[in-house]
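Here's the structure we're looking at; comments come further down.
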Amino acid sequence: MNKLHVKSGDTVEVLTGKYRGQRGKVLEVSPTEEKVIVEGINIITKHVKPRKQGEPGGIIKAEGAMYACKVQLVCGKCGKATRTGKSVNDSGKKTRVCKKCGAEIA
(Lines give C-alpha, C1' and ligand atoms only; values in the text may rest on other atoms or scores of the structure.)
Protein backbone atom coordinates (compact mmCIF):
# COMPACT_ATOMS: atom_id res chain seq x y z
CA MET A 1 0.00 0.00 0.00
CA ASN A 2 1.34 3.42 -0.98
CA LYS A 3 1.43 6.34 1.43
CA LEU A 4 0.33 9.77 0.20
CA HIS A 5 1.42 13.24 1.29
CA VAL A 6 -2.18 14.35 1.95
CA LYS A 7 -4.87 13.11 4.33
CA SER A 8 -8.64 13.55 4.49
CA GLY A 9 -9.52 17.00 5.82
CA ASP A 10 -6.35 18.71 4.53
CA THR A 11 -6.60 21.91 2.50
CA VAL A 12 -4.83 21.55 -0.84
CA GLU A 13 -4.08 23.66 -3.91
CA VAL A 14 -4.34 22.28 -7.45
CA LEU A 15 -1.06 22.56 -9.40
CA THR A 16 -2.10 21.68 -12.96
CA GLY A 17 -5.07 21.55 -15.29
CA LYS A 18 -8.37 23.38 -15.59
CA TYR A 19 -8.65 24.01 -11.83
CA ARG A 20 -5.05 25.26 -11.37
CA GLY A 21 -4.62 27.58 -8.39
CA GLN A 22 -7.92 26.68 -6.75
CA ARG A 23 -8.04 25.41 -3.19
CA GLY A 24 -10.31 22.91 -1.54
CA LYS A 25 -10.64 20.38 1.26
CA VAL A 26 -9.74 16.72 0.67
CA LEU A 27 -12.86 14.59 1.05
CA GLU A 28 -11.45 11.13 0.25
CA VAL A 29 -8.05 9.55 -0.27
CA SER A 30 -7.38 6.37 -2.23
CA PRO A 31 -3.76 5.28 -1.60
CA THR A 32 -3.95 2.21 -3.85
CA GLU A 33 -4.93 4.31 -6.88
CA GLU A 34 -2.90 7.31 -5.66
CA LYS A 35 -5.94 9.55 -6.13
CA VAL A 36 -7.81 12.13 -4.05
CA ILE A 37 -11.26 13.71 -4.21
CA VAL A 38 -11.22 17.45 -3.46
CA GLU A 39 -14.31 19.48 -2.54
CA GLY A 40 -15.48 21.68 -5.44
CA ILE A 41 -12.66 20.58 -7.78
CA ASN A 42 -12.85 18.37 -10.92
CA ILE A 43 -16.65 18.49 -11.20
CA ILE A 44 -18.09 15.75 -13.44
CA THR A 45 -21.65 14.98 -14.54
CA LYS A 46 -23.06 11.55 -13.79
CA HIS A 47 -26.13 10.00 -15.38
CA VAL A 48 -27.95 8.30 -12.49
CA LYS A 49 -30.72 5.76 -12.94
CA PRO A 50 -33.48 5.66 -10.31
CA ARG A 51 -32.91 2.54 -8.17
CA LYS A 52 -35.92 2.53 -5.82
CA GLN A 53 -39.57 3.41 -6.29
CA GLY A 54 -39.97 7.20 -6.04
CA GLU A 55 -36.22 7.91 -6.21
CA PRO A 56 -35.40 10.51 -8.89
CA GLY A 57 -32.90 9.81 -11.64
CA GLY A 58 -31.20 12.24 -13.99
CA ILE A 59 -27.94 14.09 -14.38
CA ILE A 60 -26.10 15.06 -11.18
CA LYS A 61 -22.83 16.87 -10.62
CA ALA A 62 -20.17 15.34 -8.37
CA GLU A 63 -16.48 15.69 -7.58
CA GLY A 64 -14.26 13.36 -9.59
CA ALA A 65 -11.03 11.76 -8.42
CA MET A 66 -7.69 13.27 -9.45
CA TYR A 67 -4.10 12.16 -9.02
CA ALA A 68 -2.54 13.14 -5.70
CA CYS A 69 0.62 14.38 -7.46
CA LYS A 70 -1.46 17.21 -8.97
CA VAL A 71 -2.25 18.74 -5.56
CA GLN A 72 -0.03 20.30 -2.92
CA LEU A 73 -0.74 20.76 0.77
CA VAL A 74 -1.47 24.30 2.02
CA CYS A 75 0.20 25.39 5.28
CA GLY A 76 -2.22 26.72 7.89
CA LYS A 77 0.27 29.26 9.26
CA CYS A 78 1.84 30.87 6.17
CA GLY A 79 -1.06 30.07 3.78
CA LYS A 80 1.22 28.89 0.97
CA ALA A 81 1.22 25.63 -0.97
CA THR A 82 4.22 23.72 0.33
CA ARG A 83 6.06 20.43 0.47
CA THR A 84 6.12 18.66 3.80
CA GLY A 85 8.88 17.31 5.96
CA LYS A 86 8.81 15.07 9.02
CA SER A 87 9.98 15.89 12.52
CA VAL A 88 9.77 14.14 15.86
CA ASN A 89 8.26 16.19 18.69
CA ASP A 90 9.04 15.94 22.43
CA SER A 91 6.64 13.05 23.04
CA GLY A 92 8.33 11.00 20.30
CA LYS A 93 5.48 11.32 17.77
CA LYS A 94 6.19 12.06 14.09
CA THR A 95 4.49 15.15 12.68
CA ARG A 96 4.33 16.86 9.29
CA VAL A 97 6.20 20.16 9.02
CA CYS A 98 5.92 22.99 6.45
CA LYS A 99 9.15 23.27 4.40
CA LYS A 100 8.67 27.04 3.91
CA CYS A 101 7.97 28.33 7.44
CA GLY A 102 8.73 25.31 9.63
CA ALA A 103 5.27 25.26 11.24
CA GLU A 104 3.72 21.98 12.34
CA ILE A 105 0.82 20.85 10.14
CA ALA A 106 -2.03 19.11 11.97
Side-chain angles (χ1 to χ4, degrees):
M1 194 158 131
N2 300 333
K3 198 158 183 170
L4 298 179
H5 64 285
V6 291
K7 295 192 258 184
S8 294
D10 285 344
T11 303
V12 293
E13 185 174 316
V14 181
L15 300 175
T16 60
K18 181 174 149 184
Y19 296 95
R20 182 181 181 183
Q22 292 186 16
R23 293 181 178 191
K25 194 173 95 174
V26 176
L27 300 175
E28 274 184 59
V29 177
S30 176
T32 53
E33 296 177 325
E34 296 182 7
K35 290 187 176 185
V36 294
I37 296 177
V38 183
E39 186 178 31
I41 307 291
N42 197 21
I43 301 295
I44 57 170
T45 54
K46 292 170 74 173
H47 295 260
V48 178
K49 202 171 185 180
R51 295 288 174 201
K52 296 177 185 170
Q53 187 73 29
E55 185 178 296
I59 301 171
I60 61 166
K61 295 188 181 290
E63 289 94 355
M66 62 188 311
Y67 284 105
C69 63
K70 294 182 182 259
V71 297
Q72 199 167 33
L73 189 65
V74 175
C75 176
K77 186 178 177 189
C78 62
K80 296 178 183 173
T82 182
R83 292 175 293 127
T84 56
K86 302 278 187 197
S87 75
V88 181
N89 60 9
D90 299 332
S91 62
K93 189 176 178 188
K94 269 191 194 176
T95 56
R96 295 184 295 171
V97 176
C98 173
K99 285 277 194 175
K100 290 191 176 174
C101 69
E104 194 173 293
I105 299 169

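Note that this is a predicted model, so its numbers are computed, not measured. We count residues from 1, following the sequence as given. Values below: all heavy atoms of this structure, side chains included; hydrogens, waters and symmetry mates excluded.
In this structure, Arg96 contributes its side chain and His5 its backbone to a donor-acceptor pair below 3.5 Å. A donor-acceptor pair is defined here as one N or O able to donate and one able to accept, closer than 3.5 Å; such a pair exists between the side chain of Glu63 and the backbone of Gly40. A side-chain donor-acceptor contact under 3.5 Å links Lys100 to the backbone of Ala81.
With respect to Glu39 and Lys25, no salt bridge is recorded, no charged nitrogen being found less than 4.0 Å from a carboxylate O.
Rounding to the nearest 0.5 Å gives a distance of 11.5 Å between NZ of Lys77 and CD1 of Ile105. To the nearest 0.5 Å, the span separating CZ on Arg83 from CD on Gln72 amounts to 8.0 Å. In this structure, Leu73 CG and Asp10 CG are separated by 5.0 Å, a value rounded to the nearest 0.5 Å. With values rounded to the nearest 0.5 angstrom, Lys99 atom NZ is found 13.5 Å from Cys78 atom SG. To the nearest 0.5 Å, atoms OG1 (Thr16) and CE (Met66) are separated by 6.0 Å. Rounding to the nearest 0.5 angstrom, the gap separating the CD atom in Glu13 from the CZ atom in Arg20 is 9.0 Å.
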Could you walk me through whether Val36 and Val6 satisfy the side chain to side chain contact (heavy atoms under 4.5 Å, CB included) test, starting with their C-alpha distance in whole Å, then the side-chain angles of each, then the deciding distance to 0.1 Å, before giving a yes or no? CA-CA 9 Å; Val36 294; Val6 291; 3.7 Å; yes
Report the C-alpha separation of Thr84 and Val97 in whole Å, then their side-chain angles, then the decisive distance to 0.1 Å, and conclude whether the side chain to side chain contact (heavy atoms under 4.5 Å, CB included) test is met. CA-CA 5 Å; Thr84 56; Val97 176; over 6 Å; no
Check the pair Val14 / Val12 against side chain to side chain contact (heavy atoms under 4.5 Å, CB included), numbers first and verdict last. CA-CA 7 Å; Val14 181; Val12 293; 5.8 Å; no
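Hydrophobic cluster membership differs between Val74 and Leu4, with clusters built from Ile, Leu, Val, Met, Phe, Trp and Tyr side chains linked at under 4.5 angstrom. Linking ILVMFWY residues whenever their side-chain heavy atoms come closer than 4.5 Å, directly or via other members, leaves Ile37 and Val71 in distinct clusters.
When all heavy atoms of Gly57 and Pro50 are compared, the closest pair comes out as CA-CD, 3.7 Å. In plain terms, the two heavy atoms of Leu15 and Cys69 that are nearest each other are CD1-O, 4.0 Å. Heavy atoms only, all atoms of each residue included: Tyr19 and Ile43 are closest at OH-N, 3.3 Å.
Residue Glu28 places its CD atom among 12 or fewer non-hydrogen atoms of other residues, nucleotides or ligands, all under 6.0 Å distant.
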